Amino acid sequence: MRLRITHETLYAYEKPATYAIQALRLMPRGSDNQYVVDWRIDVSQDCRLAPVDDHYGNLTHAFSIDGPIAELSIVASGEVVTEDPTGVLRGVPERMPPKLYLRDTALTKADSAIRDFAREVAAGEGGDRLSTLHALMRRLNRELRYDREATEAATTAAEAFATDHGVCQDLAHIFVSAARVLDIPARYVSGYMYDPAEPGPLGASHAWAEAWVGGSLGWIGFDAANDRCPTDAYVRLACGLDYLDAAPIRGTRYGGDGEAMTVRVTVEKTGEF
């Protein structure tokens, strides 16, 4: 599938900021199932984008700008050709051993409810890791309502699980948390998803999880929000222990009171591979 993606982020400040620094994980990396035809990142302010691979192997660009900054726009756009990987991730450089992804974070730490849920699901699958992971994805999709307006970036897996609903980010965090309870390495993934039912601009990118199955399969993606493993409709951006490691944009500023942020993501199918 050939996909054209535009990811626009606009910041506006009632009182101009005096300084800002940002880290961008907005450039997809090529793999066996994902070929980047062209891609560019444009920043409205005068700055130099410094590319670097982070410790998870994500393509990262950092920049800093001096004020006054009344408005700042960041636009990532390009075209990617994808093949259906049936969920299996291949051809991506791995900087860290799978066991690193057993590490808990504040956003993914399991409480007693998630631990009980994970063990209940695993008990019904007879110890088979792949079957257990599919069952986790299926149960989360059925039992938690996917609600794009539900939560903010700081919501933990335990908090989202307790409310029985959340955005794709929340379902990914819960999946990762439950997998780690079962001693299965799992990580958070950010990216994009083409949905023919929603051709217009969206208010965010997409998120899912990957879990280590090992053997000839290695890492496999699981999207609990849609109850499916990633297909050629997905474009992978970055991964990490949780959202904070893989967020498309993270940064800080000095000043800039009264911030308003607008995000528009458009994913269009332009042809078949």
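Please read these numbers as outputs of a predicted model, since none were measured by experiment. Values below: every heavy atom of this structure, side chains too, minus hydrogens, waters and symmetry copies.
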Quiz item: So which pairs with a foot in residues 129-141 pass salt bridge (Lys or Arg N to Asp or Glu O under 4.0 Å), sequence neighbours left out?
Solution: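 For residues 129-141, and leaving out neighbouring residues, the salt bridge (Lys or Arg N to Asp or Glu O under 4.0 Å) pairs sorted by first residue read Glu120-Arg139, Arg139-Glu143.
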Quiz item: Which residue pairs pass the salt bridge (Lys or Arg N to Asp or Glu O under 4.0 Å) test when at least one of the two sits in residues 60-74, sequence neighbours left out?
Solution: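 Listed by first then second residue: nothing to list.
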Quiz item: Can you list every pair that meets ring pair (Phe, Tyr, Trp, His ring centres under 6.0 Å) and has a residue in residues 62-90, with sequence neighbours left out?
Solution: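 Every pair satisfying ring pair (Phe, Tyr, Trp, His ring centres under 6.0 Å) with a residue in residues 62-90: there are none.
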Quiz prompt | Pairs where residues 111-133 contributes a residue and the test ring pair (Phe, Tyr, Trp, His ring centres under 6.0 Å) is met, not counting sequence neighbours | solution =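 Pairs touching residues 111-133 that pass the test: Phe117-Phe161.
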Would you please name every residue forming a side-chain contact (heavy atoms from CB on, under 4.5 Å) with [X], sequence neighbours left out?
X	answer
Asp164	none
Ala110	Ile114, Arg115, Ser177, Val181
Glu79	Arg2, Arg4, Val37, Asp38, Thr270
Asp245	Tyr56, Leu241, Asp242

Donor-acceptor list for residues 87-102 side chains, cut-off 3.5 Å, not counting sequence neighbours:
{"from": "Arg90", "atom 1": "NH1", "to": "Ser216", "atom 2": "O", "distance (Å)": "3.2"}
{"from": "Arg90", "atom 1": "NH2", "to": "Ser216", "atom 2": "O", "distance (Å)": "3.4"}
{"from": "Glu94", "atom 1": "OE1", "to": "Arg187", "atom 2": "NH1", "distance (Å)": "2.9"}
{"from": "Glu94", "atom 1": "OE2", "to": "Arg187", "atom 2": "NH2", "distance (Å)": "2.9"}
{"from": "Arg95", "atom 1": "NH2", "to": "Asp53", "atom 2": "OD2", "distance (Å)": "3.2"}

Quiz: residues 7-18 side-chain donor-acceptor pairs under 3.5 angstrom, not counting sequence neighbours:
{"from": "His7", "atom 1": "ND1", "to": "Tyr192", "atom 2": "OH", "distance (Å)": "2.8"}
{"from": "Glu8", "atom 1": "OE2", "to": "Arg264", "atom 2": "NE", "distance (Å)": "3.4"}
{"from": "Thr18", "atom 1": "OG1", "to": "Tyr254", "atom 2": "O", "distance (Å)": "3.3"}

Quiz item: How would you list, by chain and number, every residue that makes a ring-ring contact (aromatic ring centres under 6.0 Å, His included) with His61, sequence neighbours excluded?
Solution: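 Scan of His61 (ring-ring contact (aromatic ring centres under 6.0 Å, His included), adjacent residues dropped) gives none.
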Self-check item: Residue list, ring-ring contact (aromatic ring centres under 6.0 Å, His included) with Phe222, at least two apart or on another chain
Solution: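 Result, ring-ring contact (aromatic ring centres under 6.0 Å, His included) vs Phe222: His134, Phe175.
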Quiz item: Just checking, any donor-acceptor pair under 3.5 angstrom between side chains of Ser190 and Arg25?
Solution: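 On atom types as modelled, these side chains do not qualify, holding no pair under 3.5 Å.
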